[in-house]
Amino acid sequence: MQELIGNKLKELYPELTENLIQIQKTRAEFEGDMTLVVFPLLRVTKKNPVESGNFIGEFLQKEIPMITGFNVVKGFLNLEIDSQYWLEQFNSILETKSYGQHTATDKAYIVEYSSPNTNKPLHLGHLRNNFLGYSVAEILKANGHEVVKTQIINDRGIHICKSMLAWEKLGNGETPNSSGLKGDKLVGKYYVAFDKQYKEEIAELLEAGKTKEEAEKQAPILIEAQEMLMKWEKNDPETIELWKTMNGWVYEGFAVTYNTMGVDFDKLYYESDTYILGKDIVEEGLQKKVLYKKEDGSVWCDLSDEKMDDKLLLRGDGTSVYMTQDVGTAVERFKDYPKTTGMIYTVGNEQDHHFKVLFVILKKLGYSFANECSHLSYGMVNLPTGRMKSREGTVVDADELMQDVVDDAKAIAEERGHLEGMSEEQRNSLYKTIGMGGLKYYLLKVDPRKSMMFNPEESIDLNGNTGPFIQYTYARTQSILRKQSAKGTIEIETEVEKSELDIIKHLAGLPEMITEAGKNQSPALVSNYTYELVKLYNSFYQSVSIFKEEDDKKQNLRLLLTQQVSETVEFTMSLLGISVPEKM
RNA sequence: GGCCUUGUAGCAUAAUUGGAUACUGCACCUCGUUACGGCCGAGGAGAUUUGGGGUUCGAAUCCCUACAGGGUCACCA
């Protein structure tokens, strides 16, 4: 339709360019379906806005039979489109298999998310990260792109050595089995224990007259941890053994958490494998004179053209830094997946600078894929008490939070749910569906780029713009369809109510929404769309009766609408990683 | 301090990327009152979009400035 209008306009004004033709959905408070913004056209119409609008409106109404009327408000031409057109649209939607799913493209993306350190359990921030990354991957798939979900596990370095050392000193051989503690929690416990002793030692040194800086560097336990890292790098068998054991515990714990979260990965990269990567590339960069070496032997990238400070890529002693690995890993990934056209890093906005630099360096080194790499930079999750800080114990643990929302869902479902005839197992799975649905929706409905507020006291709302509200509407559509299923398509002559047309119009916008969500990498667009759809459906549900309707055609239209809404909700919610229940 | 970023009713948020009278939810007020599954629907009130200036036919959106948050400025990861 938009295209048709555009083409007709070009017939009328051959000198028009595409970007001057702005067509959008008419706002609810005005009459009409589509709106042409006439301001940009004034140069070619040579009339004032209202005259132009009327002139073009008359022209379009004459040329396009589906346009039944128009009105002009200021510089906006609102076109009214025949309900028959919408019914035809609806029929073609009904006939489209997996409506909303775009046809395959030749693009392939690597989406990285999660990428935790292995020295402590996952927390609320990881939840936003994982839900976001998973959802963006699903949205890209819906756009017809191939996607590889990946993460890099930060399994080596001083942080894990701290946990290892504390466990050696204080652990008395404690294991997940002996203590009943989840593996990642156990390792996290010793990370905290390390920090506690470290602080005590600093305090002692301060008392002994050292400066703060000296104390922080000279604390014996820290020096021991650094020695342990050296041993690790030299492949000391005992250290490696302990490292493998403790990381193993963590992975067992993470597996449980990821399972509850409902996220997965196609390929894992471990920092212990990749931290050496990149050195060769740096060598090449030196030869190509993209990088330079200082007198002390350290290697740098000159970023003065980009107005940034130069970036270190190799230390004077030849060891690598974080950036070196990231360059190496990026190149490695494109080798592992040659079809890849782009890579998306789901990482918090505290690393904005890092990724800006990474992409520039990749480009300077001559990797053209750098242009297709992007940082999906999401805002921090704040608590009413402020920022989460592990040292202050204000971190919201992922497992605990998820358990809490599932418990809440249980309490509410037991009170008001339709649980008759469900087995214990089905009930538990339902509580999980509702609780996790609420949590995911809560974290995904906000624009990823913005930092957000999370109030654990309130936990998850059930009314308004929430996951359970949408799930409830889905369950209701299923209940209706169980009673009577819809048949075939509709006859174009069927009389339609406004509330029915509103749903059809919104359904017609699904493919465009999918495109936008893909371009913007924004699950928030998907959740807003779904919420809007569900609201329209509830309003329709309230204003007309389905089973009391005597006219078969009308009844079938309502059943078909119910069916299509049901399918669409299931589809868009799946893009958010949220499942929907048959009953609740 | 330099650079980056954010600021929208009491709270939480949206705005088709420069378009109309700034969307929506929670909380608050009024109406419908157990139905096709009420975790519902209809309506009301609440905003100088942080303040000030500018560009534009048109600004929450772009520019300048002030104020207030956040992030980042390691041969750490």
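Every chain is numbered from 1, with letters handed out A, B, ... down the list of sequences. All of these numbers come straight from a predicted model, not from anything done at the bench.
Distance CD (A/Q22) to C1' (B/C57): 13 Å, rounded to an integer number of Å. For A/Y378 and B/U6, the OH to P distance is 18 Å, given to the nearest whole Å. Between the CG atom of A/L312 and the P atom of B/A77 there is a distance of 10 Å, rounded to whole Å. Atom pair A/L481:CG and B/G37:C1' shows a separation of 13 Å (rounding to whole Å applied). Between the P atom of B/C36 and the NE2 atom of A/H418 lies a distance of 13 Å, rounded to the nearest Å. In this structure, OH of A/Y472 is placed 12 Å from P of B/A35, rounded to the nearest angstrom.
A/V544 comes within contact range of at least one nucleobase, with a heavy-atom separation under 4.0 Å. Residue contacts for A/E271: at a heavy-atom cut-off of 4.0 Å it reaches the sugar-phosphate backbone alone, with no base atom in range. Contacts of A/K483 with the nucleic acid, taken as non-hydrogen atoms under 4.0 Å apart, involve only primed sugar atoms and P, OP1 or OP2. Looking at heavy-atom distances under 4.0 Å, A/K583 makes contact with a base. Using a 4.0 Å heavy-atom cutoff across all strands shown, A/R482 reaches at least one base atom of the nucleic acid. Nucleic acid contact for A/H159: sugar-phosphate only, since backbone atoms but no base atoms lie under 4.0 Å from a heavy atom of the residue. Base contact: A/E582 has a heavy atom under 4.0 Å from a base atom. Within 4.0 Å of A/P116, counting heavy atoms only, lies no atom of the nucleic acid at all. Using a 4.0 Å heavy-atom distance criterion, A/F469 is classed as a sugar-phosphate-only contact. Among the protein residues, A/N48 comes within range of no part of the nucleic acid, since none of its heavy atoms lies under 4.0 Å from any strand. At a threshold of 4.0 angstrom between heavy atoms, the contacts of A/N154 with the nucleic acid are absent. Here A/Y541 lies in heavy-atom contact (under 4.0 Å) with a base. Nucleic acid contact for A/T35: base, since at least one base atom lies under 4.0 Å from a heavy atom of the residue.
Taking the side chain as every heavy atom from C-beta outward, A/S527 and A/L576 approach each other to under 4.5 Å. Two residues are said to be in side-chain contact when any heavy atoms from C-beta on lie closer than 4.5 Å; A/T35 and A/K25 fail this criterion.
Within a 6.0 Å sphere centred on CG of A/D310, other residues, nucleotides and ligands contribute more than 12 heavy atoms. By the 6.0 Å contact criterion, CD on A/E233 is enclosed, its count of non-hydrogen atoms from other residues, nucleotides or ligands being greater than 12. For A/K583, the NZ atom is loosely surrounded, since the number of other residues' heavy atoms within 6.0 Å does not exceed 12.
Remark: A/K47 is positioned above the aromatic ring of A/F55, its terminal NZ or CZ atom under 6.0 angstrom from the ring centre and at most 45 degrees off the axis. Relative to the ring axis of A/W300, A/K294 places its NZ or CZ within 45° and under 6.0 Å from the centre.
An aromatic stack links A/F76 and the base of B/A20, using centre distance under 5.5 Å and interplanar angle under 30°. The aromatic ring of A/F39 is not stacked on the base of B/G58, since the criterion of ring centres less than 5.5 Å apart with planes inclined by under 30° is not met.
The existence of a salt bridge linking A/D184 and A/K120 is excluded, since no basic side-chain nitrogen approaches an acidic carboxylate oxygen closer than 4.0 Å. One finds no salt bridge joining A/D352 and A/K356 here, because no Lys/Arg side-chain nitrogen approaches an Asp/Glu carboxylate oxygen to under 4.0 Å.
Considering only side-chain N and O atoms, A/R315 lies under 4.0 angstrom from the phosphate OP1 or OP2 of B/C76. One finds no side-chain N or O of A/K356 lying less than 4.0 angstrom from the OP1 or OP2 phosphate oxygen of B/C4. The side chain of A/K74 places an N or O atom within less than 4.0 Å of a non-bridging phosphate oxygen (OP1 or OP2) of B/U21. For A/N538 and B/G41, the shortest distance from a side-chain N or O to OP1 or OP2 is below 4.0 Å.
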Nucleotide N/O to protein N/O under 3.5 Å, stretch nucleotides 12-17 of chain B:
{"residue": "B/U13", "atom": "OP1", "partner": "A/M453", "partner atom": "N", "Å": "3.1"}
{"residue": "B/A14", "atom": "OP1", "partner": "A/D447", "partner atom": "N", "Å": "2.7"}
{"residue": "B/A14", "atom": "OP2", "partner": "A/K450", "partner atom": "NZ", "Å": "3.1"}
{"residue": "B/U17", "atom": "O4", "partner": "A/N520", "partner atom": "OD1", "Å": "2.9"}
{"residue": "B/U17", "atom": "O4", "partner": "A/N520", "partner atom": "ND2", "Å": "3.2"}

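Within 3.5 Å, no donor on the side chain of A/S539 pairs with an acceptor on the base of B/A42, nor the reverse.
Anti is the conformation of B/U13, whose glycosidic angle sits further than 90° from 0. By the rule that a glycosidic angle within 90° of 0 means syn, B/C36 counts as syn.
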